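One structure is given here, and the rest of the page talks about it.
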Amino acid sequence: MADLLIWLVAALGAVGGVILGRVWGRVEGKRESKREAERDAMEDKNERVERGRDAVRDGRGSGDPVDRLRRNDGRW
């Protein structure tokens with residue numbers, strides 16, 4: 001009888017360990033994907049900011065203001 005009880009406890013422990021491992025892995029996976037998404041969003045934001053700064057720098061220093069106004073007039 002004691003042997004059966006030991007086997008039963010060991011089997012339940014093994015099943016519980018498998019279930020706990022799967023749940024833990026799923027939580028870690030979600031956490032890692034969230035961090036990756038945040039990092040990708042931050043990189044994208046930084047890239048857009050740099051492109052905007054480059055555009056402003058190139059737009060402000062591109063010659064005579066009257067010529068810039070003439071070129072930009074058609075874009076409106």
Side-chain angles (χ1 to χ4, degrees):
M1 183 70 180
D3 288 341
L4 182 62
L5 188 60
I6 290 172
W7 278 100
L8 183 62
V9 169
L12 288 176
V15 170
V18 167
I19 291 172
L20 180 65
R22 288 189 55 96
V23 169
W24 189 302
R26 179 171 290 167
V27 168
E28 284 296 317
K30 285 183 180 181
R31 188 178 299 147
E32 183 63 31
S33 66
K34 183 178 178 182
R35 281 189 207 131
E36 185 178 351
E38 288 173 350
R39 188 182 65 238
D40 288 346
M42 190 176 300
E43 287 176 2
D44 183 49
K45 179 189 71 98
N46 291 340
E47 196 174 295
R48 286 185 286 126
V49 166
E50 277 301 314
R51 283 195 317 240
R53 287 179 181 159
D54 290 343
V56 167
R57 185 185 62 235
D58 293 343
R60 287 189 180 157
S62 65
D64 188 33
V66 174
D67 291 335
R68 282 188 308 188
L69 180 62
R70 258 189 227 117
R71 280 195 317 261
N72 198 25
D73 191 34
R75 295 179 188 165
W76 290 90

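Predicted, not measured: the structure shown is a model, and the values here were computed from it. Counting begins at 1 with the first residue of the sequence. Values below: every heavy atom of this structure, side chains too, minus hydrogens, waters and symmetry copies.
- Applying the side chain to side chain donor-acceptor pair (under 3.5 Å) definition to pairs two or more places apart or across chains, none involves residues 5-26.
- A heavy-atom distance below 4.5 Å is found between the side chains of Arg48 and Arg51.
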So Glu43 and Arg39, side chain to side chain contact (heavy atoms under 4.5 Å, CB included) or not? Walk me through it.
CA-CA 6 Å; Glu43 287 176 2; Arg39 188 182 65 238; 3.9 Å; yes
Step-by-step salt bridge (charged side-chain N to carboxylate O under 4.0 Å, His left out) determination, Glu38 to Arg35:
CA-CA 5 Å; Glu38 288 173 350; Arg35 281 189 207 131; over 6 Å; no
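- With sequence neighbours excluded, the residues satisfying side-chain hydrogen bond (donor to acceptor under 3.5 Å, both in side chains) with Arg53 are Glu50.
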